[in-house]
2 protein chains.
Amino acid sequence: MRPLFHPALEDIKPEAILYALSDPERLAIFAKLAGAGGGGTCSALADLGDRVIPKSSLSNHFKVLRESGLIRSERQGVEMRNQTRCTELDERFPGLIRAILTAYGQLPGQPKAD
Amino acid sequence: MRPLFHPALEDIKPEAILYALSDPERLAIFAKLAGAGGGGTCSALADLGDRVIPKSSLSNHFKVLRESGLIRSERQGVEMRNQTRCTELDERFPGLIRAILTAYGQLPGQPKAD
DNA sequence: TCAACAGTTCCGAATTTCTGAACTATGGAA
DNA sequence: TTCCATAGTTCAGAAATTCGGAACTGTTGA
């Protein structure tokens, strides 16, 4: 298993963020993570309600989110804890994450569209 | 030549916007259009400095931007005038476009977005 | 040592993107 | 009108990307 790559804050590219969140499944995962606060595991986030994401696809979604700089993943025993990098990100790209979550209507604490 | 399709404001999907702007060439084109104010033509936006985009690719980029709701295109004689739909978009997705352009404008070596 | 579990990697199939070449639409000149 | 030049679109095959089942890796507990 290769070590997990996380870009430094200054290496994060807005295109990568937009790309990562342009996929509704990834966005749903990210929004859940942003809402949940605590570090969600992969399998805990696999169920989208209308469909269960295959685990190889899930793993890839997390990789895209991680390598774009949106989340931090850390192995904890047998599972993986994931958390958003929202605070850092807001420093580098002010308002971006919030505006995206608002656009999708999934900003934590707002009436949800799902 | 098929008539140009522009989605109604309420039909614009955030994932389509993020997808359209997740491509660095399209983002550069959109940023130039947003900065220029006036309606830029396709060929006027083809030169990215480091590379000239082939015109079939350019045409496709404009189609993606148009059908995602980011720009409006209108034939004017032999050429095509393109303008952003920023004002409308800000109503539907407050702060989104500005946050993206700001984020993009912060990359080293990029022209400042506004 | 072994089994169970969480997640990753591999790899072939399906889908999407890219771009040169051919084509269409418009305007101007003869 | 006819012809040409220009701006952009469409087509189609090649290249690249994405998807997901199956096999694999790393960790824990028995």
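Letters go in sequence order (proteins before strands), and every chain restarts at 1.
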- Would you jot down, in residue-number order, the residues of residues 57-76 of chain B having a non-hydrogen atom under 4.0 Å from DNA chain D? S59(B)

- Message: Could you tell me how far apart D23(B) (CG) and dT17(D) (C1') are, to the nearest whole angstrom?
- Response: 13 Å

- When the distance from NZ of K55(A) to C1' of dC5(C) is rounded to whole Å, what number comes out? 8 Å

- Would you kindly give the CD1-to-P distance between I53(B) and dC18(C), to the nearest whole Å? 10 Å

- Item | Atom-pair distance (CD on E25(A); P on dC19(D)), nearest Å | 8 Å

- Task: Could you say whether P54(A) or G77(A) is positioned toward the 5' end of DNA chain D, judged by the nucleotide with the nearest heavy atom to each?
- Result: P54(A)

- Message: In whole Å, I'd like the distance from the CD1 atom of I29(B) to the P atom of dG8(D).
- Response: 12 Å

- Message: Output the rounded distance in Å from CG (L4(A)) to C1' (dA6(C)).
- Response: 13 Å

- Item | Atom-to-atom span, CD of E79(B) to P of dA5(D) - whole angstrom | 19 Å

- State which of dC19(D), dT26(C), dA22(D) makes the closest approach to the side chain of V78(B). dT26(C)

- Message: Is any side-chain heavy atom of L33(A) closer than 4.5 Å to one of Q83(A)?
- Response: no

- Please report the closest heavy-atom contact between L96(A) and A103(B), naming both atoms and the distance. CD2-CB, 4.3 Å

- Query: Which part of the nucleic acid, if any, lies within contact of R26(A), taking any heavy atom under 4.0 Å across all strands shown: a base, the sugar-phosphate backbone alone, or nothing?
  - Reply: nothing

